[in-house]
Undergrad: 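This is the structure, below, for whatever I ask next.
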Amino acid sequence: KKGVKLLVDSLTRSAKHFNKSEVECLVNLFDTLVARASSQFAGAGFDRTVFRDTLHSAFGMTDEVVLDRVFSTFDKGNNGCITVVEWVEGLAVLLRGTLEEKMKYCFAVYDLNGDGYISRDEMFQMLKNSLLIQPADEEPDEGVKDLVDLVLKKMASTYLFVLFLLQDYDHDGKLSFADFEKAVREEKLLLEVFGPCLPDIK
């Protein structure tokens with residue numbers, strides 16, 4: 001009991017967007033999720049499957065690529081297990097983060113290889129599931145490649161993408177966090193330009 005109180009107090013300080021009673025609820029939910037998970041983590045956390053099912057049912061997030069990337073941003077220890085600290089601190093950003101925190105989070109979701117840039121290939125992977133209807137004679141991957149090209153080049157007449165592309169100063173098809181941040185500060189709709197990785201307002 002004392003250990004739980006110390007944990008809640010510590011998490012209330014570190015996950016500064018939640019009050020103490022909210023942290024207690026999240027810790028209780030965490031315990032419920034751990035009970036559903038396989039025993040491989042010895043009660044220390046839950047796996048990718050439980051995490052994805054939870055985000056799907058709670059927030060309606062369905063894109064598998066996005067869900068995998070969100071899991072990776074939560075899994076700071078990179079051990080395939082979400083601990084209680086990762087759970088509460090991750091949700092603090094996901095649900096109540098500042099614009100700065102959400103920019104860093106979204107950028108990390110889109111930066112698939114963690115090199116500090118969102119490349120053309122990473123854009124392709126993130127946008128791959130966004131084309132729901134393909135022309136009968138066209139391969140789905142070709143359609144996505146065309147979409148990425150539009151994002152990078154041909155949609156320069158569209159206001160949002162003008163703002164985004166203006167930040168890619170060397171026009172190499174890669175965006176650094178600084179590029180991304182400048183674009184998002186100009187137009188907040190660009191926060192999720194490569195796919196929905198934040199829950200909607202409801």
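Atoms considered below: every heavy atom in the structure, side chains included; atoms not considered: hydrogens, waters and symmetry mates.
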Undergrad: Compare every heavy atom of Cys81 with every heavy atom of Phe71, then report the nearest pair and how far apart it is.
TA: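 Where Phe71 meets Cys81 most closely, the heavy atoms are CZ-N, 4.1 Å.
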
Undergrad: Is there a side-chain contact between Trp87 and Val34 in this structure, where contact means two heavy atoms from C-beta onward sitting under 4.5 Å apart?
TA: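 Trp87 vs Val34: side chains apart.
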
Undergrad: Roughly how far, to the nearest 0.5 Å, is CG of Leu33 from CG of Leu26?
TA: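 So the CG of Leu26 and the CG of Leu33 are separated by 10.0 Å.
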
Undergrad: Taking atom CG of Asn113 and atom CD1 of Ile118, what is their separation to the nearest 0.5 Å?
TA: 10.5 Å

Undergrad: Listed by chain and number, what are the salt bridge (charged side-chain N to carboxylate O under 4.0 Å, His left out) partners of Asp9, not counting sequence neighbours?
TA: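 So Asp9 forms a salt bridge (charged side-chain N to carboxylate O under 4.0 Å, His left out) with Lys5, Lys20.
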
Undergrad: Identify, with sequence neighbours excluded, every residue that meets side-chain contact (heavy atoms from CB on, under 4.5 Å) alongside Glu22.
TA: Phe18, Asn19, Arg96

Undergrad: Which value, rounded to the nearest 0.5 Å, describes the distance between Leu191 atom CG and Cys197 atom SG?
TA: 7.0 Å

Undergrad: Leu11 and Val27: which non-hydrogen atoms are nearest, and at how many Å?
TA: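 Reported closest heavy-atom pair: CD1-CG2, 4.0 Å.
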
Undergrad: Salt bridge (charged side-chain N to carboxylate O under 4.0 Å, His left out) with Lys16: which residues, sequence neighbours excluded?
TA: Glu101

Undergrad: Backbone N or O of Ala183 within a donor-acceptor pair of the Glu186 side chain at under 3.5 Å?
TA: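 Side chain of Glu186 to backbone of Ala183, a donor-acceptor pair under 3.5 Å: no, none is there.
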
Undergrad: Sub-3.5 Å donor-acceptor pair from the side chain of Tyr105 to the main-chain atoms of Leu198, do we have one?
TA: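 Checked: no pair found.
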
Undergrad: Side chain to side chain contact (heavy atoms under 4.5 Å, CB included), that's the test. Do Phe59 and Leu94 meet it? Break it down for me.
TA: CA-CA 11 Å; Phe59 306 126; Leu94 190 73; 3.9 Å; yes

Undergrad: Is a donor on one side and an acceptor on the other found under 3.5 Å between the side chain of Asp53 and the backbone of Val50?
TA: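 No: the side chain of Asp53 does not pair with the backbone of Val50.
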
Undergrad: Could you check whether any side-chain heavy atom of Leu175 comes within less than 4.5 Å of a side-chain heavy atom of Tyr110, counting everything from C-beta outward?
TA: no

Undergrad: Do you know which two heavy atoms are closest between Met61 and Val70, and how far apart they sit?
TA: CE-CG2, 4.1 Å

Undergrad: Can you check whether Ile82's main-chain N or O pairs, donor with acceptor, with Arg48's side chain at less than 3.5 Å?
TA: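 Here the side-chain-to-backbone pair does not exist.
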
Undergrad: If the condition is salt bridge (charged side-chain N to carboxylate O under 4.0 Å, His left out), which residues does Lys104 pass it with, not counting sequence neighbours?
TA: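 Glu100.
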
Undergrad: Residues in ring pair (Phe, Tyr, Trp, His ring centres under 6.0 Å) with Phe74, at least two apart?
TA: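 Phe74 satisfies ring pair (Phe, Tyr, Trp, His ring centres under 6.0 Å) with Phe51 only.
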
Undergrad: Going by the rule salt bridge (charged side-chain N to carboxylate O under 4.0 Å, His left out), which residues pair with Glu181 if we only count those two or more places apart in sequence or in a different chain?
TA: Arg185

Undergrad: Under a 3.5 Å distance rule, please check whether Glu86 uses its side chain to pair with a backbone N or O of Asp75 as donor and acceptor.
TA: no

Undergrad: Nearest 0.5 Å, what's the SG-CG distance between Cys106 and Asp111?
TA: 12.5 Å

Undergrad: If you look at every heavy atom in Phe30 and Thr83, which pair is closest and at what distance?
TA: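 Where Phe30 meets Thr83 most closely, the heavy atoms are CE1-C, 3.4 Å.
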
Undergrad: Give, for atom OG1 of Thr49 and atom CG of Leu67, the distance between the pair rounded to the nearest 0.5 Å.
TA: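 Those atoms lie 11.0 Å apart.
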
Undergrad: Does Thr12 reach the side chain of Glu24, with side-chain heavy atoms less than 4.5 Å apart?
TA: no

Undergrad: Work out which heavy atom in Leu99 is nearest to a heavy atom in Lys188; give both atom names and the distance.
TA: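 Heavy atoms of Leu99 and Lys188 come nearest at CD2-CE, 3.7 Å.
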
Undergrad: Show your working on side chain to side chain contact (heavy atoms under 4.5 Å, CB included) between His17 and Leu91 and close with a plain yes or no.
TA: CA-CA 9 Å; His17 302 303; Leu91 285 176; over 6 Å; no

Undergrad: Minimum heavy-atom separation for Leu95 and Pro199, please, with both atom names.
TA: CD2-CG, 3.7 Å

Undergrad: After noting the C-alpha distance and the side-chain angles of Asn28 and Thr32, does the key distance pass the side chain to side chain contact (heavy atoms under 4.5 Å, CB included) rule?
TA: CA-CA 6 Å; Asn28 289 335; Thr32 302; 5.6 Å; no

